[in-house]
Amino acid sequence: MSEAFCVESRRSVMPGGRGDGAFFVRRRSASVGPVSVERHTPLREVEQDEDGDEEFQDGVPFYVNRGGLPVDEATWDRMWKHVAKIHPEGEKMVQRIRGMPYLPKIPTPCVPTFQLSTLVPDRLEAIQRYTRELQYNHTGTQFFEIKKNRPLTGLMDLAREMIRESLPIKCLEAVILGIYLTNGMAGVERFPISFKTQFSGSSFRHIVLGIHYAGRFGSLGMSRREDLMFKPPVCRTLLDLVLEFEGSYRRCWHSLKKVKIGQYVSHDPHSVEQIEWKHSVLDLDRLSRDELRRELERHARDMRLKVLKGAAVPSSPTRERRKDTSSPQRSQSSPHRRNGRSERRSSGEKKATEQKSVNDVGYQIRV
């Protein structure tokens with residue numbers, strides 16, 4: 001199906017830190033033009049969990065589009081039924097929007113590009129602005145299916161699809177997009193941080209992309225709350241970053257219950273390794289502040305050791321390089337195999353002869 005969805009968010013913040021969000025739903029079609037605009041009451045902060053495809057909040061499901069894009073008919077109808085349930089005007093609003101004869105063109109955000117002289121903090125802010133311009137997805141259906149056990153190369157393909165489609169996204173999609181946009185950024189390490197909070201007896205989950213640069217910690221992400229996504233890399237320790245998010249949640253009247261922190265993510269977009277999403281799982285109800293600090297310091301050391309280990313062990317050479325370096329060894333050893341068993345030498349004589357022949361002939365490339 002050729003239809004796609006775009007959501008434009010509008011927010012007013014009430015005293016006390018509550019966000020009375022409202023948003024306008026826009027529909028985009030390849031065959032027809034424009035847009036209808038409707039005021040909409042957003043869902044509460046419910047994100048996709050590690051293994052589940054749906055979350056339930058107050059009996060309302062949070063769906064994931066598993067059929068890819070363009071959205072198939074069943075997923076499209078299911079999304080509209082869900083919107084009809086949560087909108088004050090219900091089915092009347094849905095029929096009015098879907099009955100529009102034409103839709104206006106929606107601007108597509110531009111992917112940030114950088115000059116060599118652009119500072120890393122400025123690059124991170126530009127990436128966050130681009131993520132925010134994609135807008136938060138309030139439809140109740142996540143458009144891109146994120147399988148956390150996929151290899152990194154597959155997730156990077158999905159990030160390219162997010163950029164191509166330019167649809168609204170949620171927090172987990174923003175993490176994958178942030179990894180893609182920061183690949184190859186010198187001195188920047190990325191790792192996932194997920195949070196579990198409670199409010200009014202209900203549990204809520206959220207995830208951001210942790211950033212480590214120049215000995216400081218920060219984050220990139222997507223949320224309806226301005227202070228639950230981007231944190232500039234100014235926190236001296238990982239504990240400071242976690243406490244910064246805890247304070248942000250406290251201003252939303254949420255209590256932070258659990259934090260899961262993963263390992264550094266490879267900068268190789270073609271890597272087949274999986275992202276380690278939860279290297280450390282911290283239960284804040286069971287840990288004192290000193291214990292939390294020690295656990296986070298241990299996790300930071302583990303991440304640094306992974307970087308040092310990766311720097312000490314050279315990366316595997318490319319196929320062309322392996323072929324070039326192995327060819328002289330094969331060409332030099334072939335005459336020894338042809339001599340047969342009658343001309344066997346002792347290990348000392350053989351080693352000296354091979355060393356002499358390599359030095360005389362020099363490095364050769366077999367064609």
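Basis for what follows: all heavy atoms, side chains included, without hydrogens, waters or symmetry-related copies. When a residue number appears, it is its place in the shown sequence, counting from 1.
Pairs passing the salt bridge (Lys or Arg N to Asp or Glu O under 4.0 Å) check and including a residue from residues 227-243, sequence neighbours excluded, read D227-R251, K231-E244. Sorted by first then second residue, the salt bridge (Lys or Arg N to Asp or Glu O under 4.0 Å) pairs that include residues 106-115, not counting sequence neighbours, number zero.
From T108, atom OG1 reaches atom CZ of R164 across 12.5 Å, with rounding to the nearest 0.5 Å. Note: L181 CG to I176 CD1 = 11.5 Å, rounded to the nearest 0.5 Å. Separating the CD atom in E189 from the OG atom in S266 is a distance of 9.5 Å, to the nearest 0.5 Å. Atom NZ of residue K278 and atom NZ of residue K258 lie 9.0 Å apart, to the nearest 0.5 angstrom. Atom CZ of R225 is separated from atom SG of C252 by 4.0 Å, given to the nearest 0.5 angstrom. Distance CD/Q95 to CD/E89: 12.5 Å, rounded to 0.5 Å.
Screening F195, F199, F245 for a ring-ring contact (aromatic ring centres under 6.0 Å, His included) involving H254 leaves a single residue, F199. If you run side chain to side chain contact (heavy atoms under 4.5 Å, CB included) between E246 and each of L256, L241, V259, T197, only L256 comes through.
Hydrophobic cluster membership is shared by V307 and F217, with clusters built from Ile, Leu, Val, Met, Phe, Trp and Tyr side chains linked at under 4.5 angstrom. L209 and V234 fall into different hydrophobic clusters, where Ile, Leu, Val, Met, Phe, Trp and Tyr residues are linked whenever their side-chain heavy atoms come under 4.5 Å apart, directly or through other members. The hydrophobic clustering, which links ILVMFWY residues whose side-chain heavy atoms are closer than 4.5 Å, places V175 and V281 apart. At a threshold of 4.5 Å between side-chain heavy atoms, the hydrophobic network of Ile, Leu, Val, Met, Phe, Trp and Tyr places L158 and V272 in two separate groups.
For N183, the side-chain hydrogen bond (donor to acceptor under 3.5 Å, both in side chains) partners at least two apart in sequence or on another chain are R190.
H212 places none of its side-chain heavy atoms less than 4.5 Å from the side chain of M303. Inter-residue side-chain proximity for K81 and E91 is flagged as unmet; no heavy-atom pair is nearer than 4.5 Å. Between I97 and M93, the closest side-chain pair of non-hydrogen atoms falls below 4.5 Å. Looking at heavy atoms from C-beta onward, I163 lies in side-chain contact with Y180 at the 4.5 angstrom threshold. Counting heavy atoms from C-beta outward, Y130 and V111 have side chains that approach closer than 4.5 Å. A 4.5 Å side-chain heavy-atom check between L238 and E297 finds every atom pair outside the cut-off. Between L124 and I211 there is a side-chain heavy-atom pair separated by less than 4.5 Å. Taking the side chain as every heavy atom from C-beta outward, F204 and K196 never approach each other to under 4.5 Å.
When all heavy atoms are compared, the tightest approach of H279 to D302 is NE2-OD2, 3.3 Å. Nearest approach of R78 to V64, heavy atoms of both residues: NH2-O, 3.4 Å. Scanning all heavy atoms of the two residues, the minimum distance from K170 to N137 falls at NZ-O, 3.6 Å. Across L152 and D268, no two heavy atoms sit closer than the pair CD2-O, 3.5 Å. What you find for P121 and Y213 is that their closest heavy atoms are CD-CE2, 4.1 Å. Here the shortest heavy-atom pairing between F114 and A126 reads CE2-CB, 3.7 Å.
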**Prompt:** Under the side chain to side chain contact (heavy atoms under 4.5 Å, CB included) criterion, do T237 and L296 qualify, and how do the steps go?
**Reply:** CA-CA 8 Å; T237 65; L296 291 174; over 6 Å; no
**Request:** Report the C-alpha distance between M185 and I127 in whole Å, list the side-chain angles of each, state the deciding distance to 0.1 Å, and finish with yes or no for side chain to side chain contact (heavy atoms under 4.5 Å, CB included).
**Result:** CA-CA 12 Å; M185 198 172 290; I127 291 172; 3.9 Å; yes
**Message:** With side chain to side chain contact (heavy atoms under 4.5 Å, CB included) as the criterion, how do L220 and V208 come out once you've worked through the C-alpha distance, each side chain's angles and the decisive distance to 0.1 Å?
**Reply:** CA-CA 6 Å; L220 298 170; V208 297; over 6 Å; no
**Asked** Taking it one step at a time, do R132 and E226 satisfy salt bridge (Lys or Arg N to Asp or Glu O under 4.0 Å)?
**Response** CA-CA 10 Å; R132 192 181 290 112; E226 193 69 27; 3.0 Å; yes
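Relative ring orientation between Y264 and F191 is described as tilted, the plane-to-plane angle lying within the 30° to 60° band.
Ionic pairing of K257 and D285 is present here: one or more N-O contacts between side-chain nitrogen and carboxylate oxygen are shorter than 4.0 angstrom. A salt bridge does not link R129 to E133: none of the charged nitrogens lies less than 4.0 Å from a carboxylate oxygen. Ion pairing of R298 with E295 is present here, as a side-chain N (NZ or NE/NH1/NH2) and a carboxylate O approach within less than 4.0 Å. Using a 4.0 Å cut-off between charged side-chain N and carboxylate O, D157 and R150 make no salt bridge. Taking 4.0 Å as the cut-off between side-chain N and carboxylate O, E291 and R286 do not count as a salt-bridged pair.
With 3.5 Å as the limit, one finds no donor-acceptor pair spanning the side chains of R123 and T182. Checking H206 against Y249 by side-chain atom types alone, no donor-acceptor pair falls below 3.5 Å.
Using modelled atom types, no side-chain atom of W277 and backbone atom of P192 make a donor-acceptor pair closer than 3.5 Å.
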